[in-house]
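To start, the structure itself, in structure tokens.
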Amino acid sequence: MAATTLTIEEVGSLSERVLDEVERAIIGKRSPLELILLGILADGHVLLEDYPGLAKTLIARSFAQATTLQFSRIQFTPDLMPSDVTGSSIFNQRNAEFEFRPGPIFTNLLLADEINRAPPKTQAALLEAMQERQVTIEGTTHPLERPFLVLATQNPIEYEGTYPLPEAQLDRFILRFGVGYPERDDEWHLLVRRMEREVDEIEL
């Protein structure tokens with residue numbers, strides 16, 4: 001199947017539609033949403049550094065829905081192993097062979113939540129995939145389906161027990177910024193919309 005070539009105007013029109021759809025769930029954050037979409041269009045990874053409760057997970061899930069990208073989320077913790085991210089080979093007794101079970105990294109849009117809470121070895125497993133768009137397990141290379149984009153988060157507080165990303169690893173991200181708290185009017189609109197739809201989740 002031949003690839004479809006879009007003009008700049010068509011890309012702009014589609015981008016506006018994506019942003020308008022995401023804004024059904026995320027209110028008053030047009031500028032950060034535009035930056036995230038720019039990162040997606042540039043085939044780059046984005047690091048959101050901000051406080052808990054500012055809808056970072058909802059932003060990632062909303063972009064995945066609006067762009068029909070396959071979505072996975074990994075909650076990074078100090079006991080997370082590299083195989084929890086990449087997957088591992090499991091012995092199948094039925095055919096006496098090892099079978100590869102892919103991990104959550106095999107997706108299109110991956111939310112790496114609180115990436116700095118995982119030890120460096122686990123961080124490295126993710127960051128290698130971000131750079132090479134592939135995962136090597138037990139000598140076998142598994143390419144990741146394109147597009148492969150990482151939206152990572154880390155909190156600028158509660159650094160005890162974290163493993164800060166070194167500069168060389170931060171360089172894997174094309175953008176790094178914060179979302180910020182909503183304005184007073186935006187908080188009011190958020191409550192009004194929630195009461196109108198009468199359910200927590202919104203399908204985009």
Side-chain angles (χ1 to χ4, degrees), residues 9-78 80 84-85 104-105 107-118 126 130 147-162 164-165 170 173-204:
E9 290 74 17
E10 289 172 327
V11 172
S13 176
L14 285 170
S15 297
E16 287 291 333
R17 288 171 56 193
V18 168
L19 289 171
D20 290 343
E21 191 67 15
V22 171
E23 280 193 313
R24 291 178 55 214
I26 309 298
I27 298 172
K29 294 298 172 188
R30 184 75 174 199
S31 293
L33 296 181
E34 287 177 347
L35 286 174
I36 293 172
L37 183 58
L38 284 172
I40 292 173
L41 292 174
D43 197 29
H45 310 293
V46 178
L47 177 62
L48 299 179
E49 190 173 41
D50 220 322
Y51 297 100
L54 294 181
K56 297 185 292 292
T57 300
L58 180 60
I59 287 173
R61 191 167 63 242
S62 297
F63 268 107
Q65 287 183 0
T67 56
T68 65
L69 292 174
Q70 186 180 358
F71 176 71
S72 291
R73 176 179 181 267
I74 304 175
Q75 178 64 54
F76 280 68
T77 57
L80 193 72
D84 296 328
V85 175
I105 202 170
T107 188
N108 297 131
L109 181 59
L110 175 69
L111 173 62
D113 218 352
E114 295 189 280
I115 187 174
N116 57 328
R117 296 213 175 271
L126 172 64
M130 292 168 60
F148 173 69
L149 307 162
V150 173
L151 185 59
T153 71
Q154 63 178 3
N155 298 328
I157 56 173
E158 299 176 355
Y159 278 117
E160 184 175 353
T162 64
L165 298 176
L170 286 172
F173 295 96
I174 194 172
L175 291 167
R176 176 189 183 188
F177 59 93
V179 177
Y181 284 100
E183 299 293 334
R184 183 182 180 91
D185 289 344
D186 295 327
E187 289 188 11
W188 178 255
H189 288 310
L190 190 150
L191 292 172
V192 169
R193 286 194 192 180
R194 170 61 183 81
M195 289 187 292
E196 286 175 349
R197 70 173 182 266
E198 298 182 346
V199 291
D200 286 331
E201 297 295 327
I202 179 171
E203 287 295 325
L204 305 182

Verdict with reasoning, Arg176 to Gln154, per side-chain contact (heavy atoms from CB on, under 4.5 Å)
CA-CA 10 Å; Arg176 176 189 183 188; Gln154 63 178 3; 4.0 Å; yes
Report the C-alpha separation of Val22 and Arg61 in whole Å, then their side-chain angles, then the decisive distance to 0.1 Å, and conclude whether the side-chain contact (heavy atoms from CB on, under 4.5 Å) test is met.
CA-CA 9 Å; Val22 171; Arg61 191 167 63 242; over 6 Å; no
Report the C-alpha distance between Leu48 and Ile36 in whole Å, list the side-chain angles of each, state the deciding distance to 0.1 Å, and finish with yes or no for side-chain contact (heavy atoms from CB on, under 4.5 Å).
CA-CA 9 Å; Leu48 299 179; Ile36 293 172; 4.3 Å; yes
Start with the C-alpha distance between Phe76 and Leu126, add both sets of side-chain angles, then the distance that settles side-chain contact (heavy atoms from CB on, under 4.5 Å), and finish with yes or no.
CA-CA 11 Å; Phe76 280 68; Leu126 172 64; 3.6 Å; yes
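Expressed to the nearest 0.5 Å, how far CD1 of Ile26 lies from CG of Leu190 amounts to 8.5 Å. Note that the CG atom of Leu149 and the CG atom of Leu41 stand 9.5 Å from one another [nearest 0.5 Å]. Taking CD of Glu114 as the reference point, atom CG of Leu111 lies at 10.0 Å (rounded to 0.5 Å). Considering CG of Leu58 and NZ of Lys29, their distance stands at 13.0 Å, rounded to 0.5 Å. Rounding to the nearest 0.5 angstrom, the gap separating the CG atom in Leu80 from the OG1 atom in Thr77 is 5.0 Å. Rounded to the nearest 0.5 angstrom, Asp186 CG and Tyr181 OH are separated by 15.0 Å.
Between the side chain of Ser15 and the main chain of Val11, a donor-acceptor pair closer than 3.5 Å is present. Between the side chain of Asp113 and the backbone N or O of Gln75 there is no donor-acceptor pair closer than 3.5 Å. No donor-acceptor pair closer than 3.5 Å links the side chain of His189 to the backbone N or O of Ile27. Of the possible donor and acceptor atoms, one in the side chain of Lys56 sits under 3.5 Å from a partner among the backbone N and O of Tyr51. In this structure, the side chain of Ser72 does not engage the main chain of Ile105 through any donor-acceptor pair within 3.5 Å.
At most 12 heavy atoms of other shown residues, nucleotides or ligands fall within 6.0 angstrom of atom CD in Glu183.
Between Arg17 and Glu21, none of the side-chain N atoms (NZ, or NE/NH1/NH2) sits under 4.0 Å from a carboxylate O, so this pair counts as no salt bridge. One finds no salt bridge joining Arg193 and Glu196 here, because no Lys/Arg side-chain nitrogen approaches an Asp/Glu carboxylate oxygen to under 4.0 Å.
When all heavy atoms of Ile174 and Gly39 are compared, the closest pair comes out as CG2-CA, 4.2 Å. For the pair Phe63 and Leu33, the tightest heavy-atom approach, listed with the atom from each and the gap, is CZ-O, 3.4 Å. The minimum heavy-atom distance linking Pro32 with Phe177 is given by the pair O-CZ, 3.7 Å. The nearest pair of heavy atoms linking Pro147 to Asn108 is O-ND2, 3.0 Å. In terms of heavy-atom proximity, Val150 sits nearest to His45 at N-ND1, 2.9 Å. Taking both residues in full, the closest heavy atoms of Pro182 and Leu54 are given as CD-CD2, 4.4 Å, listed atom of the first, atom of the second, then distance.
Considering only heavy atoms from C-beta on, Met130 comes within 4.5 Å of Phe173 through its side chain.
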